[in-house]
Colleague: 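Before anything else, here's the structure in question.
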Amino acid sequence: MHRFANPTRFLKIARPLTGWLFWSGFILLLAGCVCGLLLTPADYLQGETVRILYIHVPAAWLGMAGWSGIAIAGLMQLVWRHPLASIAGRAIAAPGALFTAICLVTGSIWGRPTWGTWWEWDGRMTSMLVLLFLYLGYIALAQASARDGQGGVSPVTAIFGLVGAVNIPIINRSVVWWNSLHQGPSITMRGSSIDGSLLWPLGLTLLGFTLLFAAIVLMRMRAILATNKIEARLQRLARG
């Protein structure tokens, strides 16, 4: 990974890759949504409301995957001193928080006709809400680091990202550990409990959202690097 530690080398790869990821993700997401809305049948129990899974499931996945990326970036920053790790963590935080919020909103909308309530303080929903608060805390710490003149995030922020990763397995296993309104794991290594006629567009939206997420992270990393370059130039001019 240190091959890409040089910002110039990283940007040479990131610029064209951003466009490929964005447009590939957009096409897959559009195809998945159209197929999920128009080609798949309604669920025999949940009816048309089941179609929200094509947004809710990818949002939940990316909320957890985003924080996992923050934790990995924090580890690389603290252990290997990778110069782009802190910038990656800062770039992941905002889209990760956005998808976590989308997961909570779509889950609430889905839960109202399915469970008869907008919200229930069960393990899955509560731990996902905690994840959103963790994102907001990380963003606040990262912004404080930026105000202090650091390009990415401070070691304290990186440690916060690592400690917050404890919540990821809690989210994943909450429906198994505690009695919950939320359904159990739908997709496991042993297979899927979702009917095949409903499942295949989910793969399209899941991959599409993931590619879009990666494109957003690369765009944000490029923007942070450009801002850091401008600030460093202004500081040199001020000293001169």
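The first residue of the sequence shown is numbered 1, and numbering continues consecutively from there. Please read all numbers here as calculations on a predicted model, not as lab measurements. No hydrogens, no waters, no symmetry mates; every other heavy atom, side chains included, goes into these values.
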Colleague: So, taking the atom named CG in L84 and the one named CG in L225, what distance separates them when rounded to the nearest 0.5 Å?
Modeller: 6.0 Å
Colleague: Less than 4.5 Å apart, side chain to side chain, heavy atoms only: is that true for W110 and L53?
Modeller: yes
Colleague: Answer yes or no: is there a side-chain heavy-atom contact under 4.5 Å between F160 and L134?
Modeller: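 Yes, their side chains come closer than 4.5 Å.
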Colleague: Which of these passes side-chain contact (heavy atoms from CB on, under 4.5 Å) with M128: N167, I170, L104?
Modeller: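 Of the listed options, the one satisfying the test is L104.
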Colleague: After noting the C-alpha distance and the side-chain angles of Y138 and W67, does the key distance pass the ring-ring contact (aromatic ring centres under 6.0 Å, His included) rule?
Modeller: CA-CA 10 Å; Y138 185 94; W67 195 272; 5.8 Å; yes
Colleague: Is there a side-chain contact between I87 and N228 (heavy atoms, below 4.5 Å)?
Modeller: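 Yes, at least one pair of side-chain atoms sits under 4.5 Å.
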Colleague: Under 4.5 Å between any side-chain heavy atoms of F22 and L218, yes or no?
Modeller: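 No, too far: nothing below the 4.5 Å cut-off.
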Colleague: When you compare the side chain of E120 with that of M125, does any pair of heavy atoms fall below 4.5 Å?
Modeller: yes
Colleague: Between T117 and R112, is there a side-chain donor-acceptor contact under 3.5 Å, judged purely by atom types and distance?
Modeller: no
Colleague: Between L162 and L78, is a side-chain contact (heavy atoms from CB on, under 4.5 Å) present by the stated rule, with each step listed?
Modeller: CA-CA 10 Å; L162 284 170; L78 295 171; 3.6 Å; yes
Colleague: If we count only N and O atoms by modelled type, under 3.5 Å, do the side chains of W61 and T210 hold a donor and an acceptor together?
Modeller: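 The answer is yes; a qualifying pair exists.
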Colleague: Any chance CH2 of W119 has more than 12 other-residue heavy atoms, nucleotides or ligands included, within less than 6.0 Å?
Modeller: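 More than 12 within 6.0 Å, yes.
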